[in-house]
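First up is the structure itself, then whatever we jot down about it.
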Amino acid sequence: MCGIIGYTGGRPAATLLIDGLKRLEYRGYDSSGIAVLDGEKLTTVKTVGKIAELDKKANGGKDVIGTVGIGHTRWATHGVPSDINSHPHVSANGRFAVVHNGIIENYAELKSELIAKGIPFASDTDSEVIAQLVQYLYDGDMLTTLREVCARLVGSYAVGLISTDDCGTLYATRKDNPLVVGLGRNENFIASDFAAALEHTHDFVQLGDGEIARLTPSSVTFYSSNGVRIEKTPFRVDWDISQAEKGGYPHFMLKEIYEQPKALTDTVRPRVKGSSIVLDKIALDTRNANLIEKIDIIGCGSAYHAGIVGKYFIEKNCRIRVNCELASEYIYSNPITDSRTLTIIISQSGETADTLAALRLAKKLGSHTIAIVNVVESAIAREADDVLYTHAGPEIAVATTKGYTTQVAALYLVGLKIAKLKHTLSDARYAELLDGILALPQQVRAQLDDVAGIKKYAKRFAQHKCVFFIGRGTDYAASLEGALKLKEISYIHAEAYAAGELKHGTISLIEEGTVTLALATQRALFYKMLSNIKAVQSRKGTVLAVASAANSEVSEFTDGMLVIPDCDDDLSPVLSAVVLQLFAYYVAAERGCDIDKPRNLAKSVTVE
Ligand code: F6R
């Protein structure tokens with residue numbers, strides 16, 4: 001998705017903006033640009049392609065003089081990727097430059113209106129309408145102008161703006177799209193993502209919906225949507241900038257896979273006190289737990305897959321009906337929910353538009369909401385009734401890895417806590433599961449120490465066109481995530497099926513050479529799974545098993561096997577995920593794919 005960085009201070013803005021944009025590259029983009037003010041002189045450099053091109057065009061920033069500016073990475077939605085369609089967009093009179101994330105839904109109508117008033121447009125984008133509307137409505141006071149502009153916009157936006165009338169000043173506003181203000185010493189920043197400014201400051205303020213920020217090098221003032229000056233409390237982001245760098249790994253994805261033991265420890269360990277699970281300030285006590293009639297777990301993509309693992313775990317151990325819903329479907333499904341439904345919202349970024357909309361709807365319908373989120377102070381974290389942070393640290397690769405496994409771990413904690421409160425597990429079983437969860441980081445570390453087998457099979461299967469993933473129970477949930485990882489980064493067509501479903505249609509696709517990854521970690525379902533594997537082999541399909549050491553007899557019936565450490569049946573999805581992430585990673589590496597930035601994908605999907 002698009003990225004924004006803005007700066008006002010005493011240093012040359014262009015270099016700083018380009019560096020900030022490089023930190024946002026991971027979000028996915030197709031073009032980029034900067035606009036910088038030097039007194040009343042506004043210079044804009046924009047280009048399609050990589051930031052390296054922009055850097056070259058601006059001569060590393062040296063050719064663009066000035067100490068206040070805005071920068072943008074664009075992920076095309078309206079208008080093809082091109083120099084003209086890149087941001088910043090400058091108003092027809094050359095006085096206002098704007099960067100925008102989001103979608104202006106009524107842009108066509110506004111554009112016609114402004115053209116009729118004699119304001120020409122240069123691009124095909126929805127975003128340009130903001131710059132032209134600022135020009136049209138400008139009355140000498142940017143605060144009132146921005147309020148009027150916002151009142152005319154329908155859609156979602158995070159906006160950064162500079163004006164030749166107001167040389168040292170940077171303005172920002174937002175609605176349903178993330179934007180933070182970074183507080184420095186004699187310099188201040190705006191950014192769509194902490195990563196862009198983390199090199200310069202750890203102190204941030206989250207801009208609320210409809211609020212406006214006015215930044216100069218020495219001050220930041222905030223205004224509510226009705227123009228009243230407001231105070232906002234900064235928060236500190238203790239992520240280290242080195243966490244947002246590759247640190248010797250060839251890709252962020254591999255680095256993040258290897259960060260999982262720490263991420264899982266940070267998510268789980270501080271919440272286990274003796275034999276108790278202490279979930280921050282989450283309102284879960286015996287009374288509340290006994291009132292829960294149903295749980296809805298909602299997310300998109302991998303977060304949804306984490307939710308499916310959670311469904312299996314919670315239904316089995318808490319005896320509560322759990323629906324796992326795709327956020328984009330939930331919001332238009334007239335959902336059946338009320339105060340007896342607990343809604344668990346899952347999102348790494350905390351900014352996914354569909355998930356945010358689902359959260360708002362669930363709240364509106366009276367459900368209590370708990371968000372499992374990684375990014376602190378993100379929209380979902382702020383709006384949910386309760387939040388459980390996953391502490392995975394910054395995730396830069398577009399394909400989530402540590403984000404997903406820590407979501408699963410957080411769901412285990414929530415599930416086990418509810419089971420304890422509702423007395424649905426014996427003390428011994430509760431202790432077994434808790435010990436199992438605490439052992440996961442160490443088990444993942446052991447897996448990461450030995451990846452030779454995964455590399456071997458990844459090389460062998462890298463040129464295949466289609467891969468199936470099958471599993472039963474919680475292995476089916478893990479298969480869904482394994483298939484998504486493979487397809488999104490290697491572009492191999494991959495599909496996951498509940499193993500028992502094969503015979504109801506999909507088996508017709510199995511022919512000589514078709515590769516199936518069969519997850520067989522579940523002791524209880526092992527022999528059922530063996531039958532499914534044999535059915536694939538009987539059609540001359542090639543089967544690679546992912547199984548725990550205890551189930552290693554599966555290798556007698558398969559063409560290969562990837563072993564995960566022995567663990568409780570209920571907890572294997574975390575360990576299977578690590579194998580499947582590495583498998584996808586090495587397949588994609590073998591195929592020469594752009595692993596951290598797969599085609600057409602964006603890290604944080606802030607549009608519906
Ligand atoms: C896949 C992936 C996506 C995200 C999805 C939700 O690897 O990363 O499917 O899981 O876009 O994102 P968040 O968790 O930020 O809401």
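Ligands are counted one by one from 1 in listed order, and the atoms in each one are counted from 1 as well.
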Considering only heavy atoms of [X], which atoms of ligand 1 have at least one such atom less than 4.0 Å away?
| X | answer |
| --- | --- |
| G301 | 9 (O) |
| V398 | 8 (O) |
| A303 | 10 (O), 14 (O) |

For atom 7 (O) of ligand 1, which of the options Q581, Q407, Q348, E488 provides the nearest non-hydrogen atom? E488
So between A399, S349, C300, G350, whose heavy atom ends up nearest atom 6 (C) of ligand 1? C300
Quick one: does R174's side chain have a donor or acceptor within less than 3.5 Å of a partner on L207's backbone? yes
Compute the shortest N/O to N/O distance between E481 and ligand 1 and return yes if it is under 3.5 Å, no if not. no
From the list K402, Q581, R445, side chain to side chain donor-acceptor pair (under 3.5 Å) with Q260 holds only for Q581
State, without any angle test, whether [X] and [Y] hold a side-chain donor-acceptor pair at a distance under 3.5 Å.
| X | Y | result |
| --- | --- | --- |
| H368 | D386 | yes |
| S378 | E351 | no |
| T521 | S572 | yes |

Of all the heavy atoms in K485, does at least one lie under 4.0 Å from an atom in ligand 1? yes
Which residue and non-hydrogen atom of the protein lie closest to [atom], and at what distance in Å?
| atom | result |
| --- | --- |
| atom 3 (C) of ligand 1 | S302 N, 4.0 Å |
| atom 11 (O) of ligand 1 | V605 CG2, 4.3 Å |
| atom 12 (O) of ligand 1 | T352 OG1, 3.5 Å |

cation_pi(R599, Y491) dist<6.0 Å, angle<=45: yes
Do the ring centers of F583 and Y457 come within less than 6.0 Å of each other? no
